[in-house]
**Student:** 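First the structure, then my questions, so here it is.
Read the numbers this way: they start at 1 and go in the same order the structure lists the ligands and their atoms. Keep in mind it's a predicted model, so treat the numbers as computed, not measured.
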Amino acid sequence: MVKKINTCILISGNGSNLNSIIKSSRDYNFPINVKLIISNNKNAFGLNYGKKFNIYYKYFDSKNQYIFERNCLNEIKRKKIKLLCLAGFMKVLSKNFIKNFKYKIINIHPSLLPKFKGLNTHERVLKKKEIYSGCTVHYVNSKLDSGTIIKKRKILVKPNDSVESLKKRILKEEHKLYPDAIRSIFK
Ligand code: GRF
């Protein structure tokens with residue numbers, strides 16, 4: 001059996017990407033194990049996956065970024081975490097945090113980066129009448145949605161797409177892309 005890498009997933013909301021990573025990680029050959037889930041939103045639906053799959057999960061308030069990151073780092077050390085995955089985590093990690101975490105930090109973003117960094121992606125894609133959109137997994141650096149790209153998936157924007165329909169179709173792709181990107185990192 002491959003020696004799996006202890007991984008922490010940071011979330012703020014629904015956690016559907018978290019769910020897809022956990023499901024993939026049950027495969028014998030998948031390179032990581034989700035050992036820790038941290039949310040900065042105590043009502044995040046995604047925390048339920050911690051309960052459901054019996055994975056250690058924590059909520060930390062992130063109003064004070066310094067204290068939030070210190071709390072995270074304590075848990076990360078305790079659980080011997082060697083990969084951090086941001087999955088719908090709505091907070092930008094500080095330069096210091098990124099510098100001090102010796103291992104990889106990756107994120108998923110619902111656009112074809114470097115296009116449409118930041119919030120309200122689908123709205124902007126529709127407004128610009130883009131032909132394609134999609135999702136991207138990338139390394140995290142101190143600039144928002146700007147680290148080296150690991151993998152992308154592309155879809156066609158339909159003429160009658162709404163923000164909701166586009167979001168739904170792209171999210172489906174995200175659920176395949178994130179596990180694929182993790183596999184490719186540790187190949
Ligand atoms: C996803 O679209 C992700 O790309 C973005 O936030 C959303 C999170 O969805 N960063 P979920 O919480 O994984 O369901």
Side-chain angles (χ1 to χ4, degrees), residues 7-26 30 32 34 36-53 55 57-60 62 68 72 83-93 97-98 104-128 130 132-158 161-185:
T7 298
C8 168
I9 318 276
L10 284 171
I11 61 165
S12 302
N14 274 331
S16 65
N17 280 291
L18 162 68
N19 186 31
S20 84
I21 296 170
I22 295 173
K23 285 192 167 149
S24 303
S25 74
R26 295 167 131 194
F30 198 70
I32 66 129
V34 181
L36 174 64
I37 299 164
I38 296 178
S39 171
N40 66 334
N41 166 13
K42 65 170 175 297
N43 299 317
F45 179 81
L47 286 172
N48 289 311
Y49 295 113
K51 286 181 212 156
K52 180 172 172 193
F53 293 105
I55 296 170
Y57 62 94
K58 277 274 172 188
Y59 152 71
F60 293 127
S62 61
F68 173 75
C72 289
L83 173 69
L84 265 186
C85 297
L86 315 188
F89 179 63
M90 303 305 284
K91 183 106 195 157
V92 178
L93 293 168
F97 182 96
I98 294 168
K104 293 178 168 70
I105 309 179
I106 63 177
N107 180 42
I108 189 155
H109 184 75
S111 79
L112 295 171
L113 289 176
K115 283 181 154 185
F116 303 101
K117 298 173 183 176
L119 296 175
N120 305 321
T121 322
H122 309 304
E123 240 159 62
R124 289 184 286 137
V125 164
L126 291 176
K127 221 179 206 164
K128 276 250 174 162
E130 293 288 312
Y132 295 105
S133 190
C135 44
T136 308
V137 173
H138 64 94
Y139 287 108
V140 171
N141 64 15
S142 55
K143 284 195 202 130
L144 184 69
D145 301 326
S146 297
T148 307
I149 289 168
I150 301 165
K151 255 179 192 278
K152 300 190 210 190
R153 279 180 91 100
K154 186 163 149 185
I155 63 155
L156 259 179
V157 180
K158 294 178 183 166
D161 257 328
S162 64
V163 169
E164 274 314 306
S165 64
L166 193 56
K167 184 175 165 186
K168 202 169 155 193
R169 269 205 334 284
I170 291 179
L171 204 51
K172 258 195 173 166
E173 297 302 315
E174 292 185 40
H175 298 157
K176 295 178 225 155
L177 179 69
Y178 218 153
D180 269 6
I182 294 172
R183 264 188 219 103
S184 77
I185 295 175

**Student:** How about NZ on Lys91, more than 12 heavy atoms from neighbouring residues, nucleotides or ligands closer than 6.0 Å, or not?
**Tutor:** yes
**Student:** Look at the rings of Phe45 and Tyr49 and say which category their plane angle falls in: under 30° parallel, 30 to 60° tilted, over 60° perpendicular.
**Tutor:** perpendicular
**Student:** For atom NZ of Lys168, decide whether the heavy atoms of other residues, nucleotides or ligands shown that lie under 6.0 angstrom number more than 12.
**Tutor:** no
**Student:** Is the number of heavy atoms from other residues, nucleotides or ligands under 6.0 Å of Lys167 NZ greater than 12?
**Tutor:** no
**Student:** Can you label the angle between the Phe60 ring and the Phe68 ring as parallel, tilted or perpendicular, going by 30° and 60°?
**Tutor:** perpendicular
**Student:** Anything under 3.5 Å between an N or O on ligand 1 and a protein N or O? List each pair with its distance, or write none.
**Tutor:**
unit_1, atom_1, unit_2, atom_2, d
ligand 1, 2 (O), Glu174, OE1, 3.2
ligand 1, 2 (O), Glu174, OE2, 2.9
ligand 1, 4 (O), Glu174, OE1, 2.7
ligand 1, 4 (O), Glu174, OE2, 3.3
ligand 1, 10 (N), Ile108, O, 3.2
ligand 1, 12 (O), Asn14, N, 3.4
ligand 1, 12 (O), Gly15, N, 2.8
ligand 1, 13 (O), Ser16, N, 3.3
ligand 1, 13 (O), Asn17, N, 2.9
ligand 1, 13 (O), Asn17, ND2, 2.9
ligand 1, 14 (O), Ser16, N, 2.9
ligand 1, 14 (O), Ser16, OG, 2.5

**Student:** Got a salt bridge between Asp180 and Arg183, using NZ or NE/NH1/NH2 to carboxylate O under 4.0 Å?
**Tutor:** yes
